[in-house]
2 protein chains.
Amino acid sequence: MVQRKAKQKTKQKGGAEWSHNHDHRLCIVDALDRAADLCAGRGARLTSIRRRVLELIWSSHRPIGAYSLLEVLKQERANAAPPTIYRALEFLLEQGLIHRIESQNAYIGCPNPDPDQQHKGMFLICTDCGNAVELEETKIDRLLRNSASNQGFVIESRTVEAAGLCPECQVS
Amino acid sequence: MVQRKAKQKTKQKGGAEWSHNHDHRLCIVDALDRAADLCAGRGARLTSIRRRVLELIWSSHRPIGAYSLLEVLKQERANAAPPTIYRALEFLLEQGLIHRIESQNAYIGCPNPDPDQQHKGMFLICTDCGNAVELEETKIDRLLRNSASNQGFVIESRTVEAAGLCPECQVS
DNA sequence: ACACAAATGTTATATTATAACAATTATAAA
DNA sequence: TTTATAATTGTTATAATATAACATTTGTGT
Ligand SMILES: [Zn+2]
Ligand SMILES: [Zn+2]
Ligand SMILES: [Zn+2]
Ligand SMILES: [Zn+2]
């Protein structure tokens, strides 16, 4: 287990992400710590490339594209190429550490990776500032499963992405 | 107004789409008729290319990609090129006659285009047969809007796509 | 040290989508 | 009907996203 002290105390409240001025360094540190723990517990190897890509994804709360990541990574690692990024993304997705935003061909860190099973997030995405936050709405999930079930359909995975204006971007 | 006789009588019940053996010619005819009516009512021009692309999209209940459409269209119209397809898709999306399935970069016909406002569908997509059906769940939509609203977020559009097994593909 | 598997490097290519400008066609005013 | 105008389509090129295939290197356990 990686050294971590009083993680609970540093962890921020849910919804803090809409605040454009929160201390984002904590988001990054927490995400990398959780990732290290999860991978260690699973015997999965969070190599330096993978860790760095995860860190780059967490550089903001905005979904980021594969080639944007590549552009940055290339400055530190001259031989980085598309497969470098896509392999890291594949690993991080498998480990449930990031999610793919289908409507943007982009990737975002999962703020609450599940140790047991990987989940697919539900997102609110601001069309103005670009920030996205993950919902934890089991009710919606249940209702969707029920609707499907009424037609005899069994859901295995789902994509829910809502675009609109976050509270900070509604100048009113 | 295009000639249409007793459309109500030919129209199939909701959910018929999961039946792999329904009379799909009726789906196509209805879709093209409705499209013609809607466009006429709006002064929008359903040109032969646009109409043909819509027909090709309706050739099944499976989402179809732009380049698959192009492949077919090229056989009838030698000078068809990517812009030919993408312009038609853009028009059909604007008119609310088709939807884009984000998780597949593919397009599917809307079985119930709204004369007034265009909506974004919610889909159940079978991973086995590939068929997709559109849900009409206002409850889910309302719940999602409420969840967003609790965070001060205002939804403008949304993507809901659930993958799984349709009743016909659950061999059990 | 050795064998093996996993990860990364490298080159090429596939897939999806748009930009830019020219030519044609539909619409309606003169 | 002619003519002006806007909408649509043709055409060529390129951007953006993603994967295939195979070589090389690195990590892990024996
Ligand atoms: Zn943050
Ligand atoms: Zn915002
Ligand atoms: Zn049908
Ligand atoms: Zn099926």
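Numbers restart at 1 for each chain; the letters A, B, ... are given by sequence-line order, proteins then strands. From a predicted model like this one, the values you see are computed outputs, not experimental measurements.
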[N] phosphate, OP1 or OP2, under 4.0 Å from [X] side-chain N/O:
| X | N | value |
| --- | --- | --- |
| B/Tyr107 | C/dT16 | no |
| B/Arg100 | C/dA17 | yes |
| B/Asn79 | D/dT9 | no |
| A/Arg87 | C/dA6 | no |

Atom pair distance, as rounded to whole Å: [atom1] in [X] and [atom2] in [N]:
| X | N | atom1 | atom2 | answer |
| --- | --- | --- | --- | --- |
| A/Leu73 | C/dT10 | CG | P | 13 Å |
| B/Gln104 | D/dT17 | CD | C1' | 17 Å |
| A/Leu70 | D/dT19 | CG | P | 15 Å |
| B/Leu69 | C/dA17 | CG | P | 11 Å |
| B/Leu46 | D/dT8 | CG | P | 11 Å |
| A/Glu71 | D/dA16 | CD | P | 10 Å |
| A/Arg77 | C/dA7 | CZ | C1' | 11 Å |
| B/Glu76 | D/dG10 | CD | C1' | 17 Å |

Using only heavy-atom distances, decide whether a donor-acceptor pair under 3.5 angstrom links the side-chain of A/Tyr86 to the base of D/dA20.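 No pair found.
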Ignoring hydrogens and angles, are the base of C/dA14 and the side chain of B/Tyr67 linked by a donor-acceptor pair under 3.5 Å?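 Looking at the base of C/dA14, it does not pair with any donor or acceptor on the side chain of B/Tyr67 (distance under 3.5 Å).
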Does atom CD (A/Glu94) have a neighbourhood of more than 12 heavy atoms from anything else shown, all under 6.0 Å?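 It does: A/Glu94 CD has more than 12 such atoms within range.
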Considering every strand and a 4.0 Å limit on heavy-atom distances, what is the contact class for A/Arg45: base, sugar-phosphate, or nothing?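 The residue A/Arg45 makes sugar-phosphate contact but no base contact.
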Basic-acidic side-chain contact under 4.0 Å: A/Glu55, A/Arg52: yes
Could you see if B/Ile155 belongs to whatever hydrophobic cluster contains A/Val133? Use Ile, Leu, Val, Met, Phe, Trp, Tyr and a side-chain cutoff under 4.5 Å.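 Looking at the clustering, A/Val133 is in the same group as B/Ile155.
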Considering heavy-atom distances to DNA chain C, does B/Asn105 or B/Pro83 have its closest nucleotide positioned more toward the 5' end? B/Asn105
Would you please say whether a donor-acceptor pair under 3.5 Å links the side chains of B/Ser103 and B/Glu161? yes
Among the nucleotides D/dT12, D/dG10, C/dA17, which one has an atom lying closest to any side-chain atom of B/Ala66?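 From the listed options, C/dA17 comes nearest.
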Would you call the rings of A/His99 and A/Phe123 parallel, tilted or perpendicular, taking 30° and 60° as the class edges?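 Ring orientation, 0 to 90° scale: perpendicular.
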